[in-house]
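Following: one structure in structure tokens, then a few remarks.
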Amino acid sequence: MAITEAGTYHIDIRPVQESRLQGIDFDSVPFGRVFSDHMFLAEYKNGQWQQCRIQPFGPLPMHPGTAVLHYGQGIFEGMKAFKDEQGNAQLFRPLKNWERMNMSARRMALPEIPEELFMEALTTLVRMDSAWIPPGEDGSLYIRPFLFASDALVGIKPAEEFLFMIICCPVAKYYNKPVRVYMSDHYVRAFRGGTGHAKAIGNYGAVMQPLAEVREMGFDQILWLDGYEFNRLQEIGTMNVFVVIDDVVLTPSTEEKTILEGITRESCIILLREKGYQVEERDITVPELLNAAREGRLTDAFGTGTAATVAPIGEIGYKDEVFTLPPVDERPVSIWLANEMRNLRKGHIPDTHNWLFRL
Ligand code: COI
């Protein structure tokens, strides 16, 4: 049994013989390609989480019939650990990730993960690999919890066996220059009643081909529109989107459940409102955005996300037109917000919201 009498999960720990950390240059790690020494695994069988363990990072033996490989019944989360000025490791709002992971799990017929299991797995793993948290201003340890159907069964039915894992990557900035986005009036990411609000793996797999097309056109990402009329902004796939029109900060509402309920998104809305900005969560239509861009009233646009943090948008493409945003250093909203988020997570300013979780 994995659960102890005290109600906490027992995790078997098998540490590496020798760390791979030596020789890793934190300043030049490509995002998501370098992994820390250990990984966490827990199996769900017979209605119970069991065999919780931390072991050296490495490949998984997998049955070719494993359900997730065939039907995409899987979800993931993204979170980060930072080091403050004193070198203490901390997480940013980890319980929000736990809540969202379980929301995604419910949507994808996966078992929920008890808070104790999630937090114990996360804190034990990140403490063990805390030397992998880059110390620099823009460095962090990107943490990827994920959960998938592990039944060896090529038959269509919700699975009964599952694997919950956590792996970690030291990362630097996700975007090094303003992001060029294209609003597709052809492809769709999410629609009402779908899985757009969940971190379902299929949401990401399904956009790879449209993404390859816009990359060919010279853009970095797609700014997704609604799937009914291609008229309302949704999100950028790697981030939620914000625009500043007539000094009002606008971001699509999450009500329709077609966009991700970003934790960075929510934190940014709180910080912006506290700073005195007017923030509206509502529909933003393509004509509203394009008219504002043409008339010089679109003064800022940025994405927010765990990986990307606060990333300025440099260009917005639509059909045959490209709208260029003002230079990054002329954008008080995103400059202030990016600094505030960095200062907060690095412990340079007081954590008045209790968002940091000390490890
Ligand atoms: C994250 O920000 O955590 C995401 O899942 C987005 C992905 C591009 C890394």
Side-chain angles (χ1 to χ4, degrees), residues 29-36 72 74-82 91-105 107-108 118 122 125-126 133-134 138-148 164-182 189-190 195-212 214-215 219-224 234-242 251 254 258-269 302-313 337-338 341-342 345 355:
V29 281
F31 190 96
R33 284 203 189 273
V34 175
F35 295 89
S36 69
I75 58 168
F76 70 94
E77 267 304 316
M79 52 203 305
K80 278 179 173 171
F82 302 85
L91 299 164
F92 185 74
R93 309 188 76 184
L95 286 173
K96 283 270 165 197
N97 293 90
W98 166 71
E99 281 171 13
R100 191 173 62 185
M101 187 146 194
N102 281 342
M103 178 276 291
S104 302
R107 178 61 184 83
M108 296 299 292
F118 185 86
L122 179 68
L125 179 67
V126 178
I133 306 175
D138 289 311
S140 59
L141 188 69
Y142 183 76
I143 305 163
R144 172 54 63 90
F146 56 111
L147 165 61
F148 59 89
F164 166 42
M165 295 187 60
I166 310 179
I167 54 177
C168 305
C169 305
V171 297
K173 264 190 166 178
Y174 195 84
Y175 291 114
N176 284 312
K177 49 187 176 50
V179 189
R180 293 158 304 177
V181 299
Y182 186 79
R189 174 188 176 274
T195 58
H197 61 303
K199 270 185 104 66
I201 59 177
N203 291 349
Y204 294 79
V207 304
M208 294 302 173
Q209 189 260 334
L211 188 56
V214 302
R215 291 204 168 184
F219 294 94
D220 304 304
Q221 282 293 333
I222 298 174
L223 171 45
W224 294 100
Q234 285 186 338
E235 65 164 80
I236 307 178
T238 49
M239 345 181 242
N240 292 112
V241 64
F242 287 71
T251 192
T254 56
T258 48
I259 66 170
L260 195 75
E261 291 179 17
I263 296 160
T264 312
R265 172 190 179 278
E266 192 211 47
S267 310
C268 287
I269 292 173
F302 52 94
T304 62
T306 299
T309 61
V310 178
I313 293 171
L337 189 60
M341 284 295 283
R342 187 188 312 104
R345 290 185 296 198
W355 282 346

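Note that ligands are numbered from 1 as they come in the structure, with each ligand's atoms numbered from 1 the same way. When reading the values below, keep in mind they use all heavy atoms of this one structure, side chains included, and skip hydrogens, waters and symmetry mates.
- Looking from atom 2 (O) of ligand 1 to the surrounding protein, the closest heavy atom is Ala307 N, 2.8 Å.
- In terms of protein heavy atoms, atom 6 (C) of ligand 1 is closest to Thr238 O, 4.0 Å.
- The closest approach between a heavy atom of Lys199 and any atom of ligand 1 is below 4.0 Å.
- Using a 4.0 Å cut-off between charged nitrogen and carboxylate oxygen, Glu261 and Lys96 do not count as a salt-bridge pair.
- What sits closest to atom 1 (C) of ligand 1 on the protein, heavy atoms only, is Tyr142 OH, 3.3 Å.
- Closest approach of Pro145 and Met79 over heavy atoms only: CG-SD, 3.9 Å.
- Ligand 1 is approached by Phe76 to a heavy-atom distance shorter than 4.0 Å.
- Not close to ligand 1: Met239, with no non-hydrogen atom less than 4.0 angstrom away.
- Of all the heavy atoms of Arg144, the ones lying under 4.0 Å from any atom of ligand 1 belong exclusively to the side chain.
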- [ ] Let me see the working for Tyr204 and Phe76 under ring-ring contact (aromatic ring centres under 6.0 Å, His included), right down to the final yes or no.
- [x] CA-CA 11 Å; Tyr204 294 79; Phe76 70 94; 4.8 Å; yes
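- Salt-bridge formation is detected for the pair Glu266/Arg93: a Lys NZ or Arg NE/NH1/NH2 atom is positioned less than 4.0 Å from an Asp or Glu carboxylate oxygen.
- Taking the six-membered ring for Trp and thresholds of 30 and 60 degrees, Phe92 and Trp355 have ring planes more than 60 degrees apart, a perpendicular arrangement.
- Taking the six-membered ring where the residue is Trp, Phe302 and Phe242 present parallel rings, their angle staying beneath 30° rather than reaching 60°.
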